[in-house]
Chemist: 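Shown below is the structure under consideration.
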There are 2 protein chains.
Amino acid sequence: MSGRGGGEAARPSLETVAERAGVSRQTVSNVLNSPQLVRPETIARVRAAIEETGYRPHRAARTLRTRRSHLIAARMHAPVDGINGAVLDSFLHALTSRAEQRDYRVLLYTAEDDAQEIAAYDELLSDFDLDAFVLANTHRNDARTTWLAEHGAPFVTFGRPWGVEASHGWVDVDGAAGVYDATRHLIRRGHRRIAFVGWPEGSGVGDDRRSGWRSACAEENLDVSGLTRSVEDSLATGRAAGAELLNASCAPTAIVCVSDSLALGVWTEITARGLTPGADVAVIGFDDTPTAAVIGMSSVAQPVGDIAEASLDLLTQALDGAPGGSAAAKQLLLPPSLVVRASS
Amino acid sequence: MSGRGGGEAARPSLETVAERAGVSRQTVSNVLNSPQLVRPETIARVRAAIEETGYRPHRAARTLRTRRSHLIAARMHAPVDGINGAVLDSFLHALTSRAEQRDYRVLLYTAEDDAQEIAAYDELLSDFDLDAFVLANTHRNDARTTWLAEHGAPFVTFGRPWGVEASHGWVDVDGAAGVYDATRHLIRRGHRRIAFVGWPEGSGVGDDRRSGWRSACAEENLDVSGLTRSVEDSLATGRAAGAELLNASCAPTAIVCVSDSLALGVWTEITARGLTPGADVAVIGFDDTPTAAVIGMSSVAQPVGDIAEASLDLLTQALDGAPGGSAAAKQLLLPPSLVVRASS
DNA sequence: ATGAAAGCGCTAACAC
DNA sequence: GTGTTAGCGCTTTCAT
């Protein structure tokens, strides 16, 4: 740690610039925030003075006056099994870099459940004048969106509102389509007995993804009886589900999973039996995590950059004022893409 | 996105609290910031008034006055191969949650090289009054620390200053000790030909880790000739290095790697030959990434939480004033720990 | 199109 | 130990 007190030059203020340009402080502010009110030649003079003095507006002062911090809050998720968290990490990176381009910054917070997260909103909103919130992992009965809406705080969610009608802006990935594509891919490769390992019924995301498998199979009149499992998300449960499926009298030749965690569990079971994923039993996961890439497992990838971009579009549209009636869609469903590797 | 304008109650200010408690604004401020100056009974009265009104101080106002934002900047790293980034992610999470406990928040920025990162510091410092910076991945000729020191900005690094004498605060993990432990572990298991796959000479971190392997082998008079490789960090290069080693006339029975990426590359080569990591050839990586955990690969783990904690200790010590002469060490080398799994 | 006055909410400096 | 005064740097009226 280095202490304070290096040789800084005195920080130029609006005043300095105004004097130098021979205008009032106010005019400088207008050049910055409402240039259309200022005559072009004045603008030029002021711009020159800004350049010469190296003036930079001070955020805290602006925030105090306008109640806008130019800060967007995002949650830093705890590394769980470390597998699925990878998607949120790259989403966060995309969000940060794209926010910078729009003159916003991302402020982090942590929380262990919805209640803690709401407490964080409360503090962020009233203490720091946070401009907006980006939520991930929406789920049924999501208290967070309700709270934010009630408090009039702008927000977007990465994930649809599940089980409720909600009018807030959201961006999501079409999980059903992703799993549908994965299943179609397997069908094209000649598979007829394709299993699905998903999460227990009731999770919006999980049910949605499962439906993609079901409809792809239905289209081809494939028999799916006994070919689905519902388990919590982990390697161990995935492996057990895989074992069950492979032990059945009519074992599947391909297994699609709702997540990479489960898929890796299945993968582990396959290799433990001396079989080769892809050659003997095909496996496809969901999220295209680094681990999947490393071991060569096919997986459905979410377009993280596009999600971040779209989220910010929605946000800045609301924050910086949508010109006109703001007819733009406030809900967006993006298509994922299947990354085919050796395992399928 | 939900718009602004929900039914907020009017925000209570210091004034409100002061009136209610029958004191001046200043006294309320003192209760909050310098309670030792206020008589206990006054404190109690003010605290009660704060409670009743639900008053919360406004950061922007305080920042404007004190030039302290209570914000700490950290870089959001781009997901590279997705393997090694995992350590920084959990470090960032630990940093965020621990900073919250000390009434600091973490603000993100992105950068693609040192120059961009310095530009970010500049903006963050003068526009947002950032209080401090946390840097990771220190390297030789690190322009960032020089810049920060010159500008008098408080900072800590996760990583030693390599190749220079520097007096700034840092926290690092003893990589040499980690690799030494890993090698010792292999020796205890009976291995006599232990190879090391590292990075090209010149990277401080890489050379340091390699030295741990060298000294453990030297202690036991093990022959290490032809048993080390220096390659860039990736799966492919790791795999190639592994192949070379295994093809040699006197192939090693165990391979220690400077990173999990390289170790996974070696792992891939081993399994591709129909061999089993651990049973046939032992492999140990570095960083204990999620992928390592998933596939059951031994790896050296960095104590991320402790690093975050220590970094903040150093920072807050400098920011909030170290009482007394601040005799506490400003440099800290933490021991990593070997996580033994099936691969060794 | 530009300028003057006022004030956002807080704390440092000083008086009492 | 507590109150008073002033001002951080900016933008929002409103007057010109």
Side-chain angles (χ1 to χ4, degrees), chain A residues 8 10-47 49-50 53-71 103 123 125-129 131 320-321, chain B residues 8 10-47 49-50 53-71 103 123 125-129 131 320-321:
Chain A
E8 300 293 295
R11 182 198 176 79
S13 78
L14 253 188
E15 191 76 54
T16 325
V17 178
E19 277 171 19
R20 182 151 197 139
V23 297
S24 75
R25 271 186 354 196
Q26 187 45 34
T27 301
V28 179
S29 172
N30 281 338
V31 169
L32 261 29
N33 303 308
S34 318
Q36 73 282 5
L37 299 181
V38 187
R39 202 188 319 142
E41 55 191 70
T42 314
I43 294 187
R45 221 168 56 239
V46 171
R47 289 251 162 83
I50 290 177
T53 54
Y55 167 77
R56 322 252 303 254
H58 191 106
R59 300 296 187 145
R62 178 196 288 214
T63 299
L64 182 57
R65 199 68 181 104
T66 62
R67 293 316 55 184
R68 299 258 277 101
S69 60
H70 276 240
L71 255 30
D103 199 25
E123 185 188 334
L125 214 45
S126 52
D127 297 1
F128 286 91
D129 285 320
D131 283 354
D320 302 330
Chain B
E8 301 291 298
R11 181 198 177 80
S13 78
L14 252 190
E15 192 76 55
T16 325
V17 178
E19 278 171 18
R20 183 151 195 140
V23 297
S24 74
R25 272 187 350 196
Q26 187 50 31
T27 301
V28 179
S29 171
N30 282 339
V31 169
L32 262 28
N33 303 309
S34 319
Q36 73 282 6
L37 298 180
V38 187
R39 203 188 321 145
E41 55 191 68
T42 314
I43 293 187
R45 222 167 55 241
V46 171
R47 288 251 163 82
I50 290 177
T53 53
Y55 167 77
R56 324 255 299 258
H58 191 106
R59 300 294 188 146
R62 178 196 288 213
T63 300
L64 183 56
R65 198 64 179 102
T66 62
R67 300 282 104 149
R68 299 258 279 99
S69 59
H70 276 240
L71 255 30
D103 198 26
E123 185 188 334
L125 215 44
S126 53
D127 296 2
F128 285 92
D129 285 319
D131 283 354
D320 302 331

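Naming convention: chains lettered A, B, ... in sequence-line order (proteins, then strands); numbering from 1 in each chain.
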Chemist: Please give, in whole Å, the distance from dT11(C) P to Leu32(B) CG?
Modeler: 7 Å
Chemist: With nearest nucleotides of DNA chain C determined for Leu37(A) and Gln26(A) from heavy-atom distances, which residue corresponds to the more 5′ nucleotide?
Modeler: Leu37(A)
Chemist: Within the structure, does a side-chain N or O atom of Arg67(B) lie under 4.0 Å from either OP1 or OP2 of dG9(D)?
Modeler: yes
Chemist: Asp127(B) has an atom CG; how far is it from atom C1' of dG9(D), in whole Å?
Modeler: 13 Å
Chemist: Are the side chain of Arg56(A) and the backbone of Arg11(A) linked by a donor-acceptor contact shorter than 3.5 Å?
Modeler: no
Chemist: Any carboxylate oxygen within less than 4.0 angstrom of a Lys/Arg side-chain nitrogen, looking at Arg62(A) and Asp127(B)?
Modeler: no
Chemist: Starting the side chain at C-beta, find the nucleotide from dT11(C), dC10(D), dA1(C) nearest to Arg39(A).
Modeler: dA1(C)
Chemist: Can you find a donor-acceptor N/O pair under 3.5 angstrom joining the side chain of Arg25(A) to the base of dT11(D)?
Modeler: yes
Chemist: May I ask you to evaluate whether Thr27(B) reaches the phosphate of dG1(D), defined as a side-chain N or O under 4.0 Å from OP1 or OP2?
Modeler: no
Chemist: Using atom types as modelled and distance alone, determine if a side-chain donor or acceptor of His58(B) lies under 3.5 Å from a backbone N or O of Leu64(A).
Modeler: no
Chemist: To the nearest Å, how far apart are Arg65(B) CZ and dC10(D) C1'?
Modeler: 15 Å
Chemist: Between dG3(C), dG9(D), dT11(C), spot the one nearest the side chain of Ser29(B), thanks.
Modeler: dT11(C)
Chemist: Rounded to whole Å, how long is the line connecting atom NE2 of His70(B) with atom P of dG9(C)?
Modeler: 19 Å
Chemist: Could you pick out which residue, Ser34(B) or Leu64(B), lies toward the 5' side of DNA chain C when each is mapped onto its nearest nucleotide?
Modeler: Leu64(B)
Chemist: Check every atom of dG9(C), dG3(D), dC10(C) against the side chain of Ser24(B) and return the nucleotide holding the closest atom.
Modeler: dG3(D)
Chemist: Tyr55(A) OH to dG9(D) P: how many Å, rounded?
Modeler: 10 Å
Chemist: Run the side-chain contact (heavy atoms from CB on, under 4.5 Å) check on Ser29(B) and Leu32(B) step by step: do they pass?
Modeler: CA-CA 5 Å; Ser29(B) 171; Leu32(B) 262 28; 5.8 Å; no
Chemist: At 4.0 Å (heavy atoms only), tell me whether Thr63(B) reaches a base, stays on the sugar-phosphate, or touches nothing.
Modeler: nothing
Chemist: Measure CG/Asp129(A) against P/dC10(D) and give the value in whole Å, please.
Modeler: 17 Å
Chemist: Grab the CZ-C1' distance between Arg62(A) and dC8(D) for me, whole Å please.
Modeler: 16 Å
Chemist: Out of dT4(D), dC10(D), dC10(C), which has the shortest distance to the side chain of Pro57(B)?
Modeler: dC10(C)
Chemist: Compare the minimum distances between each of dC8(C), dT2(C), dT11(C) and the side chain of Asn30(A), then state the nucleotide with the smallest one.
Modeler: dT2(C)
Chemist: In whole Å, I'd like the distance from the CG atom of Leu14(A) to the C1' atom of dG3(C).
Modeler: 14 Å
Chemist: Which is more 5' along DNA chain D, the nucleotide nearest Thr66(A) or the one nearest Gly22(B)? Just name the residue.
Modeler: Gly22(B)
Chemist: Is it true that Arg59(B) and Asp129(B) have a side-chain N and a carboxylate O under 4.0 angstrom from each other?
Modeler: no
